[in-house]
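Being a predicted model, the structure only gives us computed values, none of them experimental.
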Amino acid sequence: EMKIILLCIFVAVTLGRISQFDRNHGQHLQALEKEESEFELFDNLLDHFNHTDKRTYKQRTWYSDKYYHPGKGPVILAICGEWVCGPLHKESMEVILAREFNGFLMVVEHRYYGESNPFPPEEWTIDKMKWLTHDQALADLAYLIEVWNERIMQTYNIHKAPKWVGVGCSYAGALSSWFRYKYPHSLFAAFSTSGVIKPIYDFWQYQQVIRDVILKHDGCEETVLAWLKFGKEQIKTNGARLKKIFDFEGNDDDFMESFTQAYVGSMQYGGGTKMCTGMAKIYKAGGDMWTQMEEYAKFLGVGTKHSLFESPKKKTPLKEGEKKIITSSWTYQYCTSFAWFQTTWKEHPIWWDGETVQRFLDGCEEELGVKVVPQVEHTNAIYGEEQLVNHSSRIFYSQGEDDPWKYAAVWYDPPAETNSVLGLANCNDCAHCTDIYPPKETDPPELKRVRLHQKTVLAKWLQEEDQLKQLNCE
């Protein structure tokens with residue numbers, strides 16, 4: 001089951017130069033039996049910061065009171081990020097928390113993703129995308145909570161609004177912690193799993209962690225470096241033959257990017273052991289390099305619908321006067337707010353050396369139709385790491401040792417006075433968003449401890465709040 005989930009996560013919406021970061025890297029949601037959740041379209045505001053604009057859009061939500069004890073349990077808010085949202089897997093972290101804490105379960109799809117679109121995707125010109133911001137997404141959640149609090153109190157005949165606990169991973173993990181920081185009156189506590197709370201312009205540290213993963217496995221670095229050297233040499237002289245092996249259509253630079261991403265993407269989601277073992281086995285078996293490339297292509301599933309080797313989408317040139325239609329919400333957010341340009345680490349390059357900041361900026365211009373510079377400084381000034389960690393409370397940050405995004409996240413203990421907590425899973429293949437997936441008996445002990453710690457901490461937070469109410473005679 002996990003193999004299928006990882007493959008689904010890794011399928012990229014490749015857009016030429018943008019393909020490296022244009023991935024639904026938080027897509028952990030799997031379908032529940034229908035009776036376990038109700039579907040509803042929520043009328044949310046298009047622009048929360050312009051009170052003269054009364055326009056709304058239909059935001060998809062799913063909810064369940066199956067485990068809810070009115071007046072006692074919290075609302076577990078599953079915050080969706082840059083993916084098509086849906087009902088949760090019955091053993092996902094959010095459902096487990098709802099079950100164990102008698103909680104109401106709410107799932108909310110992010111604006112401009114899935115079917116929560118203020119405008120039809122065929123109308124996504126640059127001027128129609130300006131409402132796609134994390135500020136608007138957070139305000140969406142605050143408005144939804146305000147409306148739903150009234151509804152829950154009326155429906156269950158309770159006199160106080162329930163406590164809301166946000167849960168998210170990756171970008172949604174950042175949203176969860178930012179929401180707690182900016183709207184502490186709306187969100188009681190937050191779980192930020194691999195939450196990328198720190199936008200970074202030149203994010204070479206991503207590759208540093210990938211190299212750490214590679215070095216854990218015998219023969220992996222030797223294999224990667226040999227194949228990279230061969231790929232860079234042959235793409236110039238025998239490019240057609242090399243591309244045919246990997247069923248690739250595109251230019252040479254895009255091929256080398258996909259050549260790298262084939263193994264990097266799997267490592268990001270905890271597939272380091274499997275990927276390195278498989279690659280090293282092919283390399284150690286010997287044979288000429290062309291034979292190794294053919295075996296590597298088979299290993300990656302080239303030619304199947306689950307291939308880890310992606311070709312870029314073909315683009316149709318714009319006609320004179322025609323506006324560019326933006327095909328990726330996530331690319332828009334990366335290019336305008338966050339960057340996280342995963343450039344080549346010059347000290348120890350273990351992927352193609354053509355990944356530069358300029359290449360990413362060119363890719364942004366190609367996709368958006370205009371020159372843009374990500375507003376990293378602005379985003380960090382408002383939601384920066386120091387403000388968030390030191391001036392917010394009741395946030396559980398969790399992080400995996402093998403997560404290449406960890407240097408954009410919180411991976412150190414927050415100050416004790418904030419009552420926030422860090423859970424580190426220091427184990428092989430404990431990577432991006434690992435703790436939010438359905439638990440297995442075979443999970444490493446370190447990962448099991450983080451999950452147990454999450455429940456213990458939430459119980460403590462809820463108990464402390466109950467004791468405070470008693471002291472105030474509420």
Side-chain angles (χ1 to χ4, degrees), residues 9-12 14-23 25 200-217 219-236 239 242-243 245-246 248 250-280 282-283 289 292-293 296-297 299-300 302 307-312 334 339-363 402-408 429 431-432:
I9 291 169
F10 185 71
V11 173
T14 45
L15 295 163
R17 295 169 185 157
I18 292 298
S19 65
Q20 178 168 329
F21 56 80
D22 186 29
R23 306 179 183 280
H25 61 264
I200 299 173
Y201 196 65
D202 184 353
F203 191 30
W204 57 267
Q205 296 93 335
Y206 181 99
Q207 188 186 147
Q208 182 180 357
V209 181
I210 292 294
R211 182 172 183 264
D212 290 340
V213 174
I214 287 174
L215 291 175
K216 290 182 178 183
H217 303 284
C220 194
E221 183 184 36
E222 181 183 1
T223 303
V224 166
L225 294 178
W227 287 358
L228 270 178
K229 181 174 182 293
F230 180 78
K232 288 192 290 186
E233 291 172 349
Q234 297 303 316
I235 197 64
K236 299 174 183 177
L242 195 58
K243 291 176 186 178
I245 290 175
F246 291 95
F248 184 88
N251 63 43
D252 293 353
D253 286 351
D254 289 344
F255 173 84
M256 289 307 302
E257 182 178 286
S258 291
F259 192 82
T260 296
Q261 289 302 311
Y263 57 85
V264 169
S266 181
M267 293 175 183
Q268 172 172 306
Y269 287 103
T273 297
K274 181 177 179 181
M275 182 60 67
C276 275
T277 300
M279 292 169 66
I282 294 169
Y283 183 70
M289 291 297 286
Q292 291 184 35
M293 292 297 99
Y296 181 43
F299 176 68
L300 295 176
V302 170
S307 174
L308 296 182
F309 205 102
E310 295 289 326
S311 289
Y334 258 110
W340 292 311
F341 294 154
Q342 297 153 30
T343 56
T344 303
W345 185 26
K346 296 178 182 179
E347 186 174 341
H348 295 288
I350 44 82
W351 63 28
W352 178 57
D353 54 11
E355 297 291 13
T356 63
V357 167
Q358 188 58 51
R359 176 175 163 83
F360 282 101
L361 291 174
D362 291 344
D402 286 357
D403 184 0
W405 291 91
K406 69 183 181 183
Y407 291 115
D429 296 334
H432 200 55

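- Ile235 has its side chain within reach of Lys243: a pair of non-hydrogen atoms, C-beta onward, lies under 4.5 Å apart.
- Contact detail for Ala339 and Ile200: the closest heavy-atom pair is CB-O, 3.4 Å.
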**Message:** Test side-chain contact (heavy atoms from CB on, under 4.5 Å) on Ile245 and Tyr296; report intermediate values, then the result.
**Reply:** CA-CA 9 Å; Ile245 290 175; Tyr296 181 43; over 6 Å; no
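- The closest side-chain donor-acceptor pair between Asp362 and Gln358 falls under 3.5 angstrom.
- How far CZ of Phe299 is from CE of Met279: 8.0 Å, rounded to the nearest 0.5 Å.
- Ring-centre distance between Tyr201 and Phe341: below the 6.0 Å cut-off.
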**Item:** Intermediate values then yes/no, side-chain contact (heavy atoms from CB on, under 4.5 Å), Asp253 and Arg359
**Value:** CA-CA 10 Å; Asp253 286 351; Arg359 176 175 163 83; 3.5 Å; yes
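- Remark: Phe255 engages Phe246, Phe248, Phe259, Phe309 in a ring pair (Phe, Tyr, Trp, His ring centres under 6.0 Å) (not counting sequence neighbours).
- For Ala262 against Leu300, the heavy-atom pair with the smallest separation is CB-CD1, 3.6 Å.
- The nearest pair of heavy atoms linking Thr343 to Thr356 is CG2-C, 3.8 Å.
- To the nearest 0.5 Å, the span separating CH2 on Trp204 from NE2 on His348 amounts to 10.5 Å.
- Here the shortest heavy-atom pairing between Thr260 and Leu228 reads OG1-CD2, 4.0 Å.
- Considering CD of Gln207 and CG of Asp212, their distance stands at 11.0 Å, rounded to 0.5 Å.
- Summarising the geometry, atom CE belonging to Met293 is positioned 8.5 Å from atom CD1 belonging to Ile282; distances are rounded to the nearest 0.5 Å.
- Within the structure, every pair that satisfies the salt bridge (Lys or Arg N to Asp or Glu O under 4.0 Å) test and touches residues 341-353, not counting sequence neighbours, is listed here: Lys232-Asp353.
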**Prompt:** Hey, mind stepping through Gln292 and Thr223 against side-chain contact (heavy atoms from CB on, under 4.5 Å) and telling me if it holds?
**Reply:** CA-CA 10 Å; Gln292 291 184 35; Thr223 303; 5.8 Å; no
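- For Lys216, the salt bridge (charged side-chain N to carboxylate O under 4.0 Å, His left out) partners are Glu401, Asp402, not counting sequence neighbours.
- The CG atom of Asp252 lies 13.0 Å from the CD atom of Glu257; values are rounded to the nearest 0.5 Å.
- Counting heavy atoms from C-beta on, the side chains of Glu221 and Arg211 come closer than 4.5 Å.
- Distance alone, capped at 3.5 Å, is enough to place a donor-acceptor pair between the Asp429 side chain and the Thr273 backbone.
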**Request:** Check step by step if side-chain contact (heavy atoms from CB on, under 4.5 Å) holds for Trp351 and Met256.
**Result:** CA-CA 9 Å; Trp351 63 28; Met256 289 307 302; over 6 Å; no
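- Interatomic distance, CH2 of Trp352 versus OG of Ser258, reported as 10.0 Å (0.5 Å rounding).
- The nearest pair of heavy atoms linking Gly270 to Ala431 is N-CB, 3.4 Å.
- Nearest heavy atom pair, residue Gly231 against residue Leu242, reads O-CD2, 3.9 Å.
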**Asked** When you look at Trp405 and Gln268, which way does the side-chain hydrogen bond (donor to acceptor under 3.5 Å, both in side chains) test go after all the steps?
**Response** CA-CA 8 Å; Trp405 291 91; Gln268 172 172 306; 2.9 Å; yes
